[in-house]
Amino acid sequence: MNATVLSAINEQINSEFEASYTYLAMVVFCERQRFLGAARWLRMQSDEERQHAMKLFDFVLARDGAVDLKAIDRPKTDFASLSAVFEQALVHEQRVTIRINSLYELCFQEKAFAEMTELQWFLTEQVEEEKTAREIVAKFRLVKDDPAAILDMDRELGARSAAGAGERRRR
Ligand SMILES: [Fe+2]
Ligand SMILES: [Fe+2]
C-alpha cells in the first residue's frame, strides 16, 4: 500500500472510532434525560460507526497494510437539549463527509484504485447518513420546545429498525 494513502486511511479508522465514541456520549446524555428512544437510535448509530471503522480495518489488513490504532479524543458530553444532540450529529456527519471526500481525492491523486473502490461505499453511506440526520434535525426545528411533540420524536427515534439503509447495503 502507498504510505501516504495508508496513513490517511488509518486516520479515517480513527475518525470512525471517534464517531462511534461521540454517539456513545450522546447515548449517556439521552439515557440520563430518559429519552430512551433517542438513546436506542444513537446506540445503533454508534454500533454502525464502529462497523465503518472495522470495514476499513479489515480492508487495510487485506491489503497487507499495518493498522495503526490511534488515541481517541474525549467526546463532548454536555448538550443543551435533545434537539441540540441531533444538531451536533448533523454537523458531525457533514464534517465526516468532507473528510471522506478529501481521502477519496488523495487516493485519486495517488492512483490508489483499490482504495478508491473501497471508499465508494463510504461516499454513498455519507449521503445516507447526512440525509437521515438532516431529516431528524428538520423535525426537531419544527416542534421546537413542545414537550408532547418531543416525546413523540423520542418514540419515533426508538422505532429505528436494525436493518437501516446502511445495513441493507452492507449485505
Ligand atoms: Fe462512519
Ligand atoms: Fe456517520
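Residue numbers run from 1 in the order of the sequence given. All ligand and atom numbering here is 1-based and tracks the order in the structure.
Within a 6.0 Å sphere centred on CZ of R40, heavy atoms belonging to other residues, nucleotides or ligands number more than 12.
Checked for salt-bridge contact, R160 and E48 meet the test: a charged N lies under 4.0 Å from a carboxylate O.
The atom of E16 nearest to the Fe ion (ligand 1) is OE1, with the search restricted to N, O or S atoms. The N, O or S atom of H52 lying closest to the Fe ion (ligand 1) is ND1.
At the Fe ion (ligand 2), the vertex angle linking OE2 of E49 with OE1 of E129 is 110° (nearest 10 degrees).
No donor-acceptor pair closer than 3.5 Å links the side chain of D68 to the backbone N or O of N14.
When distances to the Fe ion (ligand 1) are checked against a cut-off of 2.8 Å, E48 contributes no N, O or S atom below that limit. Here E93 reaches the Fe ion (ligand 2): one of its N/O/S atoms is less than 2.8 Å from the metal. Within the 2.8 Å limit, E125 places no N, O or S atom next to the Fe ion (ligand 1).
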Using the ring-ring contact (aromatic ring centres under 6.0 Å, His included) rule, take W121 and F59 through it: C-alpha gap first, then chi angles, then the decisive distance, then the call.
CA-CA 12 Å; W121 183 91; F59 175 77; over 10 Å; no
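In this structure, a donor-acceptor pair under 3.5 Å is present between the side chains of Q12 and E16.
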